[in-house]
Structure formats: structure tokens, C-alpha cells
Enquirer: 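Quick one: structure below, then a few questions.
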Protein chains: 2
Amino acid sequence: MMKLTDKKIAEIFKALCDENRIKILHLLQTGEKCACHLNDEINVTQPTMSHHMKVLCDSGIVVGRKEGKWIHYSISPDGAKLAADVLKELTNI
Amino acid sequence: MMKLTDKKIAEIFKALCDENRIKILHLLQTGEKCACHLNDEINVTQPTMSHHMKVLCDSGIVVGRKEGKWIHYSISPDGAKLAADVLKELTNI
DNA sequence: TTATTATATAGATAATTTTCTATTTGTCAA
DNA sequence: TTGACAAATAGAAAATTATCTATATAATAA
């Protein structure tokens, strides 16, 4: 597996250590969602949502697909696999 | 799988979103370590180390075993498996 | 072009987390 | 019991993060 810095590993899991971001991931579990839809479900302002989506995308676990004015977010299978692999390696599972 | 609150899920992954805690987990990869040994390797004061060990133990990923004056920490296979399962479930892997 | 809508950015504040020093608690050995 | 050592706790400061309001950017539609 590719060697990541400890800083990068922490960045990956930073995606998962906030309750609102966990809620967002739950919403993405059923497939791609537009940011505007996520806004309806999570009780934060639009700029706060934008911040959370940036953290999620920076981790690689989520990807955004721009389509006109909208951005459709979804779970990245590759990013998720990397996170799972790193966790496994880190904990010797 | 057992149903966890979003707050609890965030608590699990909080263990993994700090660079020093990742370093600690790397040290535990080779087996149980005494807190005093971890202190030698990670450049923080004893109370700060104590704080990090608490966060790691609260997540369930690490367990401490008290032996006299010392506490020996190790990765909990059960805690690690739970974290891996939650991550898998959350990202549909 | 102008208006409208989706998202991002800037900048500030509040909340949380990390870190420290000082002290306390618990355990063992003289 | 006293001294030494390991770890935890209290309390404060520093750093980071989450959140907001206001504004800017980008894309579409009229």
C-alpha cells in the first residue's frame, strides 16, 4: 500500500470526526446528492455546509461532480477503500 | 451490526484525526507498550500524553492494562473491528 | 444585460481541542 | 512511614475548528 504521512492520515479521518459530517455521509449512502438537498436535511447555513463538504472532499472519501450551477456529491469508492485500508493497516486487522 | 449514534461514531474516529495519536497507533502496531515508553517517543508532556491515551481509549480502539504503577496500552482487536465495520457501513464498501 | 440561483470565500465569533504547568493520586520499595 | 516514580486531574493558554453574516463568483434564464 502507498505510504502516507501521519498528517495525511489524520486528514483522512478528520472527515469522520464531526457529527454533522457523519450525518452527511449517511445521506450519501443512498447515492449521489446535490449540495442543495443536503442543505435541506442538515441544520447549518450554506457556508457551513460548504466548509464540511470541503473537509469531506479533502479527505478523498467524498467527491463532487459539477453540473451547471449544482454540485453533486457522492462517496468515492477509491477514497473509502483507502481510508479502510489505512485503518486496517494502522490497527493490524 | 449494532446501531451507534452519530455522536458515538464521531467519537470513534476522533481517535484518528490527530497526528500525534496516529504516531501512537504506529507505535502500538508492534504490540503492547507502556505509557512511559510512548512518552519517550512522542514529543509531548506526560499530561498531554495522558489526554491522548484517554481519547484513544474512549474510542475503543485502544485498551489499557494496569500493572502496578504502569499502564500497558495496546490496540483492541474488537475496537478496531468495530471502527472498520462502521467505516465500511458508512461508505458502502 | 439583468435577475436569479448555487456555491465559495472573507472575516468574525464561539466552541472545542491541544497543550502546558502545577498538583494530586496511586503504587511500590526502602 | 517516607521517598520515588507513573499516571491522572485541575486549570489556564494557545491553536484549531465550527459556525455565523456578508459578500463574491459562477452559471442559468429571462
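We name chains A, B, ... by the order of the sequence lines, and we start the count at 1 in each one.
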Enquirer: In whole Å, I'd like the distance from the NZ atom of Lys7(B) to the P atom of dT16(C).
Expert: 9 Å

Enquirer: Can you measure Asn20(B) atom CG to dA14(D) atom C1' for me and round it to whole angstrom units?
Expert: 15 Å

Enquirer: Is the closest side-chain heavy-atom distance between Leu16(B) and Ile61(B) below 4.5 Å?
Expert: yes

Enquirer: I need the CG-C1' distance between Asp18(A) and dA15(C), as an integer number of Å.
Expert: 12 Å

Enquirer: Is there side-chain contact between Leu87(A) and Ile12(A), with heavy atoms separated by less than 4.5 Å?
Expert: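 Side-chain contact under 4.5 Å: no.
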
Enquirer: Between C1' on dT28(D) and CD1 on Ile71(A), what's the gap in Å once rounded to a whole number?
Expert: 15 Å

Enquirer: Mind calculating the distance between CH2 (Trp70(B)) and P (dA8(D)) to the nearest angstrom?
Expert: 14 Å

Enquirer: Does a side-chain heavy-atom distance below 4.5 Å link Ser74(A) with Leu28(A)?
Expert: no

Enquirer: In terms of the nearest nucleotide of DNA chain D, which residue is placed more toward the 5' end: Met49(A) or Lys69(A)?
Expert: Met49(A)

Enquirer: Does the side chain of Thr45(B) get closer than 4.0 angstrom to OP1 or OP2 of dT19(C) through an N or O atom?
Expert: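 Result: no.
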
Enquirer: Would you say dA18(D) has OP1 or OP2 under 4.0 Å from some side-chain N or O of Thr48(A)?
Expert: no

Enquirer: With DNA chain C as reference, determine whether His51(A) or Cys17(A) sits nearer its 5' end, using the nearest nucleotide of each.
Expert: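 With His51(A) and Cys17(A) compared, the 5'-side residue is His51(A).
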
Enquirer: Within a reach of under 6.0 Å around CG of Asp40(A), are more than 12 heavy atoms found that belong to other residues, nucleotides or ligands?
Expert: yes

Enquirer: Of Met53(B) and Pro47(A), whose closest DNA chain D nucleotide lies nearer the 5' terminus?
Expert: Met53(B)

Enquirer: Looking only at side-chain N and O atoms, does His52(A) come under 4.0 Å of OP1 or OP2 in dT19(D)?
Expert: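 Answer is yes, contact under 4.0 Å.
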
Enquirer: Without decimals, in angstroms, what is the distance between Ile42(B) CD1 and dC20(C) P?
Expert: 12 Å

Enquirer: Just compare dA26(D), dC20(C), dA8(C) and give me whichever is closest to any side-chain atom of Lys66(A).
Expert: dA26(D)

Enquirer: Taking the side chain as C-beta and beyond, is there a heavy-atom pair between Thr45(B) and Asn39(B) under 4.5 Å?
Expert: no

Enquirer: Answer with yes or no whether Gln46(B) presents, from its side chain, a donor or acceptor under 3.5 Å of a partner atom in the base of dA8(D).
Expert: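 Pair found.
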
Enquirer: Round to the nearest Å and state the distance from Lys33(B) atom NZ to dA6(D) atom C1'.
Expert: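 Result: 18 Å.
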
Enquirer: Base, sugar-phosphate, or nothing: which does Asn39(A) touch, judged by heavy atoms less than 4.0 Å apart?
Expert: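 Contact class for Asn39(A): none.
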
Enquirer: In whole Å, what is the span from the NZ atom of Lys14(B) to the C1' atom of dT17(D)?
Expert: 10 Å

Enquirer: Under 4.0 Å, heavy atoms only, any strand: does Lys54(B) hit a base, just the sugar-phosphate, or nothing?
Expert: nothing

